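In what follows, a structure is listed as structure tokens, so that the remarks can point back to it.
By convention here, the first residue in the shown sequence is residue 1. Just so you know, these numbers come straight off a predicted model, no measurement behind them.
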Amino acid sequence: MADHIEESKELKSNNSAKVQSRISAAERQVEGIEEQMEKLRSAYDAQISELRHRRDAKALEIASLKNLVSPVHQLPIEVLSKIFELSCSPDADIAPEHDIIRRTFVLSKICVDWRKVAYDTPRIWARLCLSVPQHLKAITGDVVWVGEWLSRSRGLPIELHLNFLSSYFRRQDTTHRTHRLLHYALTHRHRIQILNLSGNMTCFLPIFRLPPSSLPLLKKLSLHSASEDPFPHDIDIQAFLGSLELSQVELSESGPNTDFLESLTLPTTQLVALQVKDTSMASSSFLKPPIYADLFQQCQNLVNLKIDLQMSFGFEPTISISLPSLKFLDIVWRKLSQGVNLLYCLVVPSLQDLSLHWCGISFPEFSRDIDGLRNHSESASRLTSLTIYMRWLYTNDDPILILALFPRVTSVRIYRIGFNVSAFLRAMTYSRGHPVLLPKILDLELGFETLTDRRYCPSELVPMILSRSWPARSHPDTKRTSSQVMDLEDDVTNEVCRLQRFNLYGSRLNEPDEELIATIPGLTFEYDPNESK
């Protein structure tokens, strides 16, 4: 029995060894098969990759061939170049915020041909618009591209529109970053024609430190100071002297510091258009009227002047500022705690067009300033065009008294009307033998504050227009004989002028009244009840 057991153990041991040997052999075979599979897979992947590469190459070839026959590639290069110019131009006035950089780079990345056309279109590279925070990465990164950008303009006049607000930079890096950018831009300074600078004026010191005659082609200069840091007292800005073509200047101050204007020297005698806006409300604002008075007095050849000074201190009434060539004056009229409005001090014998933005002054104050203008010159009585923006009119003030100060104006535009216009329209209605308001008016435009209910225009409007029409017409309810009409025509010829143009905005008309006004012979009529002026 014991021998049988031992024999059985030996047989099991031998069988176990054989099984283990077979397992090992099978595992080696599996490994071999997997190696063969991996080789086949690698070969397959290589073949697939090659096929994909060939397919993509053919797809690119097909796309290129299709591009050759696409309508856009049939356009002459000159036409495509013009399209690029229009697509990169702003829809409104140009400003530093305009994203011309992104638009231009997008066009340049469409295809090789488009890139070539873009690079060969110098006008889209002749204007550089940069603003913080819109273009923060472009300003704070490597700015070598600025020189390359302007170089592609190929000698054309350049426009720079830059807005640098230091609050968006790390304070210690502001000057370094902006000065480095300006270094590349100023290598083309001899071609700068328009310069529009906004923000912290210390960011533009490389420009302000230029010697006179450094900007020979400069025609328009805009400086909008919003400085948080004081402007260096040792800087005397003479960079714009010697710019013989400079004729338009815009100055604006809105920051707490007021040192910049005192450091600025301009070729004032050659300026034709000047715009000054001061919203700084600085504690030292009482020092500014003499500075502005001196500036205006030097601009003897000004034709167009636009003023908005948010100062509580006005000008000394004894000051006389003579602007003999001024024809267009746009002024914001604010209530003062001391002094008089600029208009009181002006001597403007050639003034033709006056725009007044009414901001909280009373009629006595208004009348005082107009009297001052009359005392200095006869321009107030010889105005031909008057525009009034009623931002804030005292309820006890009569607009008829205001308009009666301008008897010879031929064009009147009154916007943001908030007062009752019935009396005004009755005063303008012509009646034989009675005085009439604004007898020489040819062009009348009324813009009401748009309201939710879109209120209807007063019933006095249509009779007023009919009384000022030519040939003379009467209200449909009024019957006149032919002799009466002839008499009225004689009166109109001698006393009042025919209304030639009437525009109405922000107020509703009844449909019959609208049709009646629209059919008056010789009257141009424009009407939009939903538009506010």
* Taking atom types as modelled and ignoring hydrogens, do the side chains of H188 and R191 form a donor-acceptor contact shorter than 3.5 angstrom? -> yes

* To do: Go through I414 and L403 one step at a time and tell me if the side chain to side chain contact (heavy atoms under 4.5 Å, CB included) criterion holds.
  => CA-CA 10 Å; I414 307 177; L403 294 170; 3.9 Å; yes

* Quick one: CG on L223 to CG on N196, what's the gap to the nearest 0.5 Å? -> 8.5 Å

* Asked: Could you give the distance from CG (L326) to CG (N304), rounded to the nearest 0.5 Å?
  -> 7.5 Å

* I would like to know whether L356 and D330 meet side chain to side chain contact (heavy atoms under 4.5 Å, CB included); could you show each step before the answer? => CA-CA 6 Å; L356 303 175; D330 187 312; over 6 Å; no

* salt bridge (charged side-chain N to carboxylate O under 4.0 Å, His left out) evaluation trace for R127 with E159 -> CA-CA 5 Å; R127 178 184 290 149; E159 297 182 22; 3.2 Å; yes

* To do: Tell me whether the centres of the aromatic rings in W149 and F105 are closer together than 6.0 Å.
  => yes

* **E250 bridged to K306 by N-O distance under 4.0 Å** => no

* Structure fact -> Which of L197, N200, L181 passes side chain to side chain contact (heavy atoms under 4.5 Å, CB included) with F164? It is L181

* **Beyond-backbone contact of Y292 with L342, side-chain heavy atoms, under 4.5 angstrom** => no

* Asked: Do you know which two heavy atoms are closest between L323 and F296, and how far apart they sit?
  -> CD2-O, 3.2 Å

* Taking the side chain as every heavy atom from C-beta outward, state whether Q270 and L246 have any atom pair closer than 4.5 Å. => yes

* How are the rings of F208 and F204 set relative to one another: parallel (under 30°), tilted (30 to 60°) or perpendicular (over 60°)? -> perpendicular

* Donor-acceptor under 3.5 Å (S225 side chain, M201 main chain) -> no

* Report yes if some heavy atom in the side chain of Q248 is under 4.5 Å from a heavy atom in the side chain of V272; otherwise report no. => no

* Asked: When you check the side-chain N and O atoms of N530 and Y505, is any donor under 3.5 Å from an acceptor?
  -> no

* Kindly give the heavy-atom pair with the smallest separation between F315 and C345, and that separation in Å. => CB-SG, 3.9 Å

* Got N503 and D528 here, is their nearest side-chain heavy-atom distance under 4.5 Å? -> no

* Asked: Distance-only, no hydrogens or angles: does the T268 side chain make a donor-acceptor pair with backbone N or O of C299 under 3.5 Å?
  -> no

* Asked: Would you call P206 and L186 a side-chain contact if the rule is heavy atoms closer than 4.5 Å?
  -> yes

* Asked: To the nearest 0.5 Å, what is the distance between CD1 (I83) and CD (E78)?
  -> 11.5 Å

* **Straight-line distance of L329 CG to S385 OG, nearest 0.5 Å** => 11.5 Å

* Asked: Checking side chain to side chain contact (heavy atoms under 4.5 Å, CB included) for the pair I158/L150: CA distance, chi angles, key distance, verdict?
  -> CA-CA 8 Å; I158 290 174; L150 296 175; 4.0 Å; yes

* D56/R52 salt bridge by N-O under 4.0 Å criterion -> no

* E445/R501 ion pair, N-O < 4.0 Å -> yes

* Asked: Under 3.5 Å, side chain of H98 to main-chain N/O of I94, donor-acceptor pair present?
  -> no

* Is there a side chain to side chain contact (heavy atoms under 4.5 Å, CB included) between V409 and I441 once you walk through the steps? -> CA-CA 6 Å; V409 294; I441 192 170; 5.8 Å; no

* Asked: Charged N to carboxylate O under 4.0 angstrom, R413 versus D353?
  -> yes

* Asked: Looking at R154 and D120, does any basic side-chain N land under 4.0 Å from a carboxylate oxygen?
  -> yes

* To do: Answer yes if the side chains of N163 and E97 hold a donor-acceptor pair under 3.5 Å, and no otherwise.
  => yes

* Partner residues of F328 under the ring-ring contact (aromatic ring centres under 6.0 Å, His included) criterion, sequence neighbours left out -> none

* To do: Give a yes or no answer on whether the side chain of T104 reaches the backbone of I101 with a donor-acceptor pair at less than 3.5 Å.
  => no

* Structure fact -> Rounding to 0.5 Å, atoms CD1 (I192) and CD1 (I207) come to a distance of 6.5 Å

* Asked: Do any N or O atoms from the side chain of S350 and from the backbone of K327 form a donor-acceptor pair under 3.5 angstrom?
  -> no

* If you measure from CG on L107 to CD on E85, what distance do you get to the nearest 0.5 Å? -> 11.5 Å

* To do: Please lay out, stage by stage, how Y184 and W145 fare under the test ring-ring contact (aromatic ring centres under 6.0 Å, His included).
  => CA-CA 9 Å; Y184 291 101; W145 66 270; 9.7 Å; no

